[in-house]
Amino acid sequence: MKSAPPVLDAADRRILRELQRDGRLPIVALAERVGLSATPCQRRVKRLEEEGVIARYAAILDPRRVGLPLHAFVQVALASHAEEVARAFHTAIAERPEVLAAYVMSGDMDYMLHVVAADFEAYAEFALKALLRMPGVKETRSSFVLSALKQPGEVPV
């Protein structure tokens, strides 16, 4: 059974909004922006980390600037829903660095993958020599991003 999410007050929400915009803010600057003194602000950040509200800190890279301009969303259907097949597929997906995200889906396909690649040839290599050979894969459908209207961003808090 999942526990209820932590109760967030207005100050917690201000902290979270600021940290989503700049996770490298020093505590003193963060405290100033959210209207707290440094010590209470630090305590709140620590509590938010411990409660898992702040899952981790990371740098957000521009895939184009590191040579990965092609984005594809790939629907995958498995031939079997047996637990061992799904587990083997999950393991195979986790080992592929070009798969940025993978979701179990409802509907006619079982998974949705967000994949990046250097170009169509690199994507074809991944699709034909890796994805279609993964355990249990019966069918895939790929859609390529032509332009991004809104990138993943801040969680509304």
Side-chain angles (χ1 to χ4, degrees), residues 1-25 30 44-157:
M1 188 161 111
K2 294 184 178 185
S3 62
V7 176
L8 303 174
D9 66 14
D12 292 332
R13 291 175 189 282
R14 287 192 307 270
I15 288 169
L16 293 170
R17 282 191 295 271
E18 291 298 330
L19 287 176
Q20 285 187 100
R21 290 180 190 122
D22 184 355
R24 295 179 63 176
L25 268 178
L30 176 61
R44 283 175 179 268
V45 169
K46 184 170 176 48
R47 179 182 52 81
L48 292 166
E49 291 168 347
E50 289 170 350
E51 291 176 343
V53 175
I54 298 173
R56 64 188 177 102
Y57 295 90
I60 299 169
L61 306 182
D62 181 339
R64 292 170 298 162
R65 302 293 290 171
V66 295
L68 299 168
L70 186 137
H71 287 250
F73 286 91
V74 185
Q75 296 176 308
V76 179
L78 296 184
S80 166
H81 292 102
E83 188 174 329
E84 61 274 4
V85 173
R87 193 173 329 130
F89 178 74
H90 296 178
T91 299
I93 285 298
E95 294 172 354
R96 299 305 306 205
E98 58 269 87
V99 178
L100 297 185
Y103 304 95
V104 178
M105 303 297 288
S106 64
D108 60 340
M109 299 298 262
D110 301 313
Y111 297 89
M112 177 69 75
L113 310 179
H114 181 186
V115 177
V116 293
D119 51 34
F120 284 108
E121 291 81 17
Y123 176 79
E125 178 88 7
F126 163 75
L128 297 172
K129 294 187 178 172
L131 181 59
L132 288 172
R133 294 179 182 178
M134 287 182 185
V137 172
K138 176 176 90 173
E139 177 184 356
T140 67
R141 295 183 197 152
S142 300
S143 297
F144 297 95
V145 174
L146 300 177
S147 69
L149 300 179
K150 184 175 181 182
Q151 297 285 351
E154 299 176 14
V155 174
V157 290

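Excluded from the calculations below are hydrogen atoms, water molecules and symmetry mates; all remaining heavy atoms, backbone and side chain alike, are included.
At a threshold of 4.5 Å between non-hydrogen side-chain atoms, the residues Q20 and V155 count as touching. L131 is not listed as a side-chain neighbour of V99, based on a closest heavy-atom distance of 4.5 Å or more. With a 4.5 Å cut-off on side-chain heavy atoms, D22 and L19 do not count as touching. V104 is not listed as a side-chain neighbour of D110, based on a closest heavy-atom distance of 4.5 Å or more. A heavy-atom distance below 4.5 Å is found between the side chains of L78 and Y111. With a 4.5 Å cut-off on side-chain heavy atoms, V76 and M105 do not count as touching. You'll find the side chain of R87 reaches within 4.5 Å of the side chain of E83, heavy atoms only. Residues L8 and L48 form a side-chain contact, since some pair of their non-hydrogen atoms from C-beta on lies under 4.5 Å apart.
Pairs of residues two or more places apart, or lying in two chains, that qualify as side-chain hydrogen bond (donor to acceptor under 3.5 Å, both in side chains) and include a residue from residues 128-139 are E139-R141.
V157 approaches R17 most closely through the heavy-atom pair O-NH1, 2.7 Å. The two atoms that bring P135 and F89 nearest to each other are O-CB, 3.7 Å, heavy atoms only. Minimum interatomic distance between L68 and A118 (heavy atoms only, all atoms of both residues): CD2-N, 3.6 Å. V85 and G136 get closest at one heavy-atom pair: CG1-CA, 3.7 Å.
Here the CG-CZ distance, from L70 to F144, works out to 6.0 Å after rounding to the nearest 0.5 Å. The distance from atom CD of E98 to atom OH of Y123, rounded to the nearest 0.5 Å, is 10.0 Å. Atom CD of Q75 sits about 6.5 Å away from atom OG of S143, to the nearest 0.5 Å. Atom OG1 of T140 and atom CE of M134 lie 11.0 Å apart (nearest 0.5 Å). Within the model, atoms CD of E49 and CZ of R56 stand 13.5 Å from one another, a figure rounded to the nearest 0.5 Å.
Within 6.0 Å of OH in Y57 there are more than 12 heavy atoms belonging to other residues, nucleotides or ligands. Atom CG of L128 has more than 12 neighbouring heavy atoms from other residues, nucleotides or ligands inside a 6.0 Å radius. Residue R64 places its CZ atom among 12 or fewer non-hydrogen atoms of other residues, nucleotides or ligands, all under 6.0 Å distant.
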Before giving the answer on side-chain contact (heavy atoms from CB on, under 4.5 Å), spell out for E50 and K46 the whole-Å C-alpha distance, their side-chain angles and the decisive distance to 0.1 Å.
-> CA-CA 6 Å; E50 289 170 350; K46 184 170 176 48; 3.0 Å; yes

Under the side-chain contact (heavy atoms from CB on, under 4.5 Å) rule, what do L100 and V115 come out as? Steps first, then yes or no, please.
-> CA-CA 6 Å; L100 297 185; V115 177; over 6 Å; no

Does the salt bridge (charged side-chain N to carboxylate O under 4.0 Å, His left out) test come out yes or no for R21 and E18, once each step is laid out?
-> CA-CA 5 Å; R21 290 180 190 122; E18 291 298 330; 3.4 Å; yes

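Shown here are the ring pair (Phe, Tyr, Trp, His ring centres under 6.0 Å) partners of H114, two or more places apart in sequence or in another chain: H71, F73.
D12 places a side-chain N or O within 3.5 Å of a backbone atom of D9 that can act as its donor or acceptor partner.
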